Amino acid sequence: MIAGFPLAFGAPVILFGLLALPVIWWLLRLTPPRPQAEPFAPLAILARVLKAEETPSRSPWWLTALRLLIAALVILALAEPVLNPRDRALSSNGPLALIVDNGWATAPDWQARTEAAETLIDEAGDLDIPVSIVFTANRRHDATPTTVERARDQLNAARPQPLRPDRSAAVSALIAALGQTRPGTVAFVSDGVATEDAGLALSRLSELQPSAIRIIGSADTRALALTGADNGAENLSATVSRLDTAAAENFDLIASDSKGRNIASGEVRFEAGAAEGTGTISAPFEIRNDIARLDVAGFETAGSAHLLDDSFRRRRVALISGEAADIAQPLLSPLYYINRALSPYADLIEAGNDEMAASVPKLLEQSPAVIVLSDIGTLPADVSRELEQWVERGGTLIRFAGPRLAAAPADDRLLPVLLRKGERELGGALSWIEPQPLADYPATGPFAGLPTPRDITVQRQVLAEPSADLAARTWASLADGTPLVTAADRGAGRVVLFHVTAEAGWSNLPISGHFVDMLRRVVQLSRAVSGGGEAGSGILPPWRLLDANAALLPASGDAKPLDLTGGSAMRAGPDNPPGLYGGEDGFVALNLFAPGDELAPVNIPEFEAPVTRSAIAGDSAVDFRPWLFAAALIALIADTLIVLLLNGAFRRRNLKPLSAASAIVFAAGLSLTLLAAPGSPRAQDAQPGDADLLESLDRTRLAYVITGDDDADNISKLGLDSLSRYLFSRTALEPGTAIGLDIETAPLSLYPLIYWPMSEDADIPSAGAISRIDAYMKSGGTVLFDTRDRIVDLGGGSSALTVRLQQILASLDIPPLEPVPADHVLTKSFFLLDTFPGRYSDGPLWVEATPQSGDPAERPARSGDGVSSILITGNDMAAAWAVDDQGFPIFSTVPADPWQREYAFRAGVNIVMYMLTGNYKADQVHIPALLERLGQ
């Protein structure tokens with residue numbers, strides 16, 4: 001490498017060839033161009049008298065310089081110059097130990113990270129040393145030293161996870177796998193974000209006694225984490241932490257609803273040097289109630305997304321009254337005004353039974369966030385105990401005064417303050433001369449910011465006993481200083497008391513619009529209580545989970561139910577990835593970061609072995625050979641044209657025979673230039689899968705989806721191969737062997753039919769794979785889904801395979817379906833059939849519903865050449881087709897009918913012919929109608 005310049009030569013010895021350029025100059029100067037021939041008869045006479053000695057003509061200096069340039073370009077190209085060459089510094093003293101972070105922060109540049117890791121693996125292959133590879137965010141680690149090919153497969157199969165790295169577990173697995181083997185190089189591809197175990201885990205690498213350590217990280221790590229959100233009285237605020245604190249930055253904060261639509265936005269501001277910033281979304285209460293998630297624009301990671309659950313949404317409020325409602329006089333009902341005030345903003349439920357011991361437990365089972373008690377004095381002991389426990393777990397109890405409460409015991413635990421016996425009323429012993437208005441609200445209370453209404457007066461109230469903390473518990477008071485609304489915290493919840501009734505008997509507050517604002521503020525401060533009345537308890541199944549790119553997908557994989565029975569705050573981890581737990585009726589959001597979490601750069605400890613640090617370069621190395629060869633070729637073409645010009649080849653009489661030759665030379669040069677240019681197929685190495693792609697183009701092949709379940713994939717391979725041989729023997733089609741497809745990357749458009757068996761052990765395809773399948777189906781391809789569970793249907797049980805198919809189809813834009821009609825093209829595309837059996841016989845085959853029309857000749861046109869883009873069966877067709885090497889069936893049919901297997905093969909033939917012929921067969925049925933229309 002040249003000092004101070006990132007340029008290196010793969011074969012620097014060839015550069016000595018540049019020393020020969022002066023010799024080439026001398027030789028070219030002695031070699032004149034060919035003289036121009038002119039037909040002139042007297043030259044034969046003059047030739048006899050010419051002298052034998054002649055002075056040779058010299059080549060023009062600029063032509064000689066051009067040829068020297070050609071030689072120099074060729075020599076430089078053969079020396080293999082490379083800009084930004086890769087640093088090949090692996091130790092050959094032992095295996096390569098490769099630790100790769102694949103947590104949430106690696107999602108944006110995962111491709112570059114895998115390229116950096118693959119470069120290290122390629123270097124290990126050049127040195128012929130084994131590779132031990134671990135991924136810090138994976139649940140399971142296979143760190144056994146293995147071959148370069150297997151290590152590359154492990155790398156290609158790895159994906160970023162929506163989790164924080166567990167570096168301690170990864171390092172422990174690496175140490176256990178290597179045992180007494182001393183690695184040559186330990187390479188750590190880091191995401192740059194610190195974790196609690198990072199320092200201790202990385203320091204343990206010294207136990208391996210490596211010869212060298214390489215730390216590879218991104219040069220510009222812009223990780224951002226949304227650590228908390230609070231739905232306040234006026235706006236929604238979000239707390240965001242960043243990794244790079246150098247400069248002041250602003251980011252857009254996006255709020256979306258449950259359907260993914262952006263409904264509000266705000267801005268997150270960071271001061272220079274600050275690791276934490278706050279963003280605010282100012283929106284009406286109704287819009288904030290619909291917010292389902294928050295995202296920081298430009299950061300598509302699981303850490304920059306924050307899911308919101310029922311605690312941020314519309315509250316469920318239970319209403320209980322101490323008096324029976326008078327249907328004839330609803331305005332006198334104690335719950336009438338509360339109902340009218342809260343119904344636009346909350347889900348209201350009322351006790352269906354006047355018996356408190358029966359109605360309260362039923363209300364608690366519905367998990368209300370707020371319970372309103374209107375003039376209820378003495379509660380049954382069991383009911384009081386249950387309400388106390390509910391409040392301590394996070395519930396909000398709102399009580400209104402009345403004659404019953406005024407006569408109740410003063411030491412009630414479900415009251416925020418100690419009350420005096422009896423009530424204070426206008427004209428009574430503890431009375432005022434005239435009705436009292438409201439005083440200004442405290443600046444630190446929940447009613448702060450509301451205008452103080454001067455037209456609201458109170459004629460009657462219950463009084464609180466004076467105490468040291470009475471002022472702190474007072475949210476609103478009258479002009480004379482007596483409390484109107486008091487509150488006190490009880491565990492995770494609170495108790496709120498309005499010292500007047502909920503109807504207009506003691507005050508005109510309930511019939512004012514201000515009453516609505518006050519109740520909304522109190523309800524907004526409440527939190528949702530989950531678990532069927534057992535807040536903080538219960539076991540909730542995973543419903544929808546975030547992936548590393550912040551996409552919310554149906555739950556799958558190794559996620560376990562969320563256990564809330566412990567009462568402590570749950571943290572996201574391998575067992576419980578971030579997402580939503582519960583179901584459509586109610587769920588709890590589990591986010592990757594909790595309030596108070598902060599991002600910090602990872603601290604690399606000191607090692608005895610030499611440490612090399614480098615950035616993730618990706619494909620920064622530039623090979624100059626194609627450019628130099630292309631320049632030399634262009635210069636050579638220019639030299640040829642100049643020589644032709646000097647020899648008079650472009651005179652008018654010589655133009656015609658030369659035009660064809662010039663065109664050939666130009667076309668050849670242009671082709672070679674394009675092939676030599678970077679990005680051309682011959683300038684790059686062959687891409688993975690090119691050989692399989694070319695092999696798939698030689699003949700028609702059936703394909704199946706590689707599910708990851710080895711048994712299911714083997715059955716699909718054997719079944720489709722047997723069907724291909726049957727097609728070869730019975731039809732004019734000569735298909736090749738079946739191809740297994742990885743729907744994440746495989747070219748789907750090469751195959752007319754893809755067989756997709758359902759498997760319980762297979763992971764749900766990613767959103768990208770589903771999108772590719774959807775595009776394949778819309779562009780004319782057909783997918784045959786086989787749930788293979790008809791035997792379960794026969795037994796009357798439920799099938800997990802059908803559920804798996806429903807999860808896949810939920811993300812596909814599929815048309816209406818119907819069982820194959822009796823007159824469908826499938827029943828006569830080759831054989832005449834009325835059923836489509838597989839290993840099981842009586843399951844229907846579902847196809848795209850045929851548009852109905854009274855006149856067949858007037859049937860509407862369909863896309864895909866009339867071929868259904870989707871087929872669904874549960875008859876396990878591949879198992880019926882599968883035979884072993886001796887030609888014997890592998891699986892028996894149900895029922896055991898020898899003809900059933902033959903009909904299964906015929907069904908497969910009809911399906912394949914239907915795929916390949918399109919609406920040709922259907923048009924044969926309508927030929928009379930078509931001829932009749934043509935005759936008209």
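Worth knowing before you read on, the calculation uses all heavy atoms, side chains too, and leaves out hydrogens, waters and symmetry mates. It should be emphasised that the depicted structure is a prediction, and the values quoted were computed from it without experimental measurement.
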Are the side chains of Pro816 and Glu848 in contact, using a 4.5 Å heavy-atom criterion? no
Would you say Thr707 and Asp709 are linked by a side-chain donor-acceptor pair, where the criterion is simply a distance under 3.5 Å? no
Under 4.0 Å between a Lys/Arg side-chain N and an Asp/Glu carboxylate O for Asp122 and Arg152? yes
Do the side chains of Leu702 and Leu723 get nearer than 4.5 Å, heavy atoms only? yes
Check this for me: does any side-chain nitrogen of one of Lys717 and Asp721 sit under 4.0 Å from a carboxylate oxygen of the other? yes
Within the side chain of Thr782, is there an N or O that forms a donor-acceptor pair under 3.5 Å with the backbone of Ser868? yes
For Tyr726, give me all partners under ring pair (Phe, Tyr, Trp, His ring centres under 6.0 Å), at least two apart in sequence or on another chain. Phe905
Flag, side chain of Tyr776 to backbone of Tyr751, donor-acceptor distance under 3.5 Å: yes
If we ignore hydrogens and angles and just use 3.5 Å, is the side chain of Asp786 paired with the main-chain N or O of Met877 as donor and acceptor? yes
Between Leu801 and Glu760, is any pair of side-chain heavy atoms under 4.5 Å apart? yes
For a quick test of reading the model, state the closest non-hydrogen atom pair linking Ser716 to Tyr755 and the distance between them. OG-CE2, 3.6 Å
Within the side chain of Gln161, is there an N or O that forms a donor-acceptor pair under 3.5 Å with the backbone of Arg159? yes
Pair Ser759-Asp761, side-chain hydrogen bond (donor to acceptor under 3.5 Å, both in side chains): steps then yes or no: CA-CA 5 Å; Ser759 172; Asp761 298 330; 4.8 Å; no
Do the non-hydrogen side-chain atoms of Leu155 and Ile121 ever get within less than 4.5 Å of each other? yes
Residue pair Pro160 / Thr106: nearest heavy atoms and the distance that separates them: CB-OG1, 3.6 Å
Quick check for you: to the nearest 0.5 Å, what is the distance between Asp897 atom CG and Thr893 atom OG1? 6.0 Å
Under the criterion side chain to side chain contact (heavy atoms under 4.5 Å, CB included), I'd like the reasoning laid out for Asp876 against Tyr840: C-alpha separation, chi angles, the key distance, then a yes or no. CA-CA 7 Å; Asp876 198 1; Tyr840 312 114; 3.9 Å; yes
Keeping Thr700 on the side-chain end and Pro735 on the backbone end, is there a donor-acceptor pair under 3.5 Å? no
Hey, is the main chain of Phe891 close enough, under 3.5 Å, to the side chain of Arg839 for a donor-acceptor pair? no
For atom CD of Glu300, is the number of surrounding heavy atoms from other residues, nucleotides or ligands below 6.0 Å larger than 12? no
Can you tell whether the side chains of Asp575 and Arg139 come within less than 4.0 Å, N to carboxylate O? yes
Run the numbers on Tyr704 and Leu741 for side chain to side chain contact (heavy atoms under 4.5 Å, CB included), then give the verdict. CA-CA 6 Å; Tyr704 63 91; Leu741 301 179; over 6 Å; no
Answer yes or no: are there more than 12 heavy-atom neighbours, outside Asp128 itself, under 6.0 Å from its atom CG? no
Which heavy atom in Ala880 sits nearest to a heavy atom in Gly838, and how many Å separate them? CB-C, 3.3 Å
Nearest 0.5 Å please: distance from the CZ atom of Arg906 over to the CG atom of Leu832. 10.0 Å
How far does CG of Leu833 sit from OG1 of Thr827, to the nearest 0.5 angstrom? 7.5 Å
Considering all heavy atoms, the nearest Ser841-Pro895 contact: OG-CD, 3.5 Å
Would a distance-only check, ignoring hydrogens and angles, find a side-chain to backbone donor-acceptor pair under 3.5 Å from Ser829 to Asn910? yes
Say whether, by atom type as modelled, one donor and one acceptor occur between the side chain of Asp713 and the main chain of Gly708 under 3.5 angstrom. yes
For a side chain to side chain contact (heavy atoms under 4.5 Å, CB included) check, start with the C-alpha distance between Leu718 and Val883, then their side-chain angles and the critical distance, and finish with the verdict. CA-CA 7 Å; Leu718 294 175; Val883 296; over 6 Å; no
Report the distance from atom CZ of Arg725 to atom CZ of Arg730, rounding to the nearest 0.5 Å. 14.0 Å
Closest non-hydrogen atom pair between Leu90 and Ala124, with its separation: CD1-N, 3.7 Å
Within-4.5 Å side-chain heavy-atom neighbours: Leu916 and Leu753: no
Name of the residue among Ile872, Asn875, Leu826 meeting side-chain contact (heavy atoms from CB on, under 4.5 Å) with Leu845: Leu826
Option among Val820, Leu817, Thr873 that satisfies the side-chain contact (heavy atoms from CB on, under 4.5 Å) test with Trp846: Leu817
Interatomic distance, NE2@His824 vs CZ@Phe836, rounded to 0.5 Å, equals 8.5 Å
Which pair of non-hydrogen atoms, one from Trp104 and one from Ala302, has the smallest distance, and what is that distance? CB-CB, 4.3 Å
Verdict with supporting geometry, Ile743 and Val705, side chain to side chain contact (heavy atoms under 4.5 Å, CB included): CA-CA 7 Å; Ile743 57 176; Val705 172; 3.9 Å; yes
In plain terms, say whether Arg140 and Asp558 are close enough for a salt bridge, that is, a side-chain N and a carboxylate O under 4.0 Å apart. yes
Taking C-beta and beyond as the side chain, do Asn102 and Trp110 meet within less than 4.5 Å on heavy atoms? yes
If only atom types and distance count, is the side chain of Lys560 paired as donor or acceptor with the main-chain N or O of Pro542 below 3.5 Å? no
Under a 4.0 Å threshold between the charged nitrogen and the carboxylate oxygen, would Arg150 count as salt-bridged to Asp142? yes
Min side-chain heavy-atom separation Thr737-Arg701 under 4.5 Å: yes
Report yes if some heavy atom in the side chain of Leu871 is under 4.5 Å from a heavy atom in the side chain of Met915; otherwise report no. yes
Report yes or no: does Arg788 contribute a side-chain atom to a donor-acceptor pair with the main-chain N or O of Ala878 at less than 3.5 Å? no
How many angstroms lie between CZ in Arg113 and CD1 in Ile616, if you round to the nearest 0.5 Å? 3.5 Å
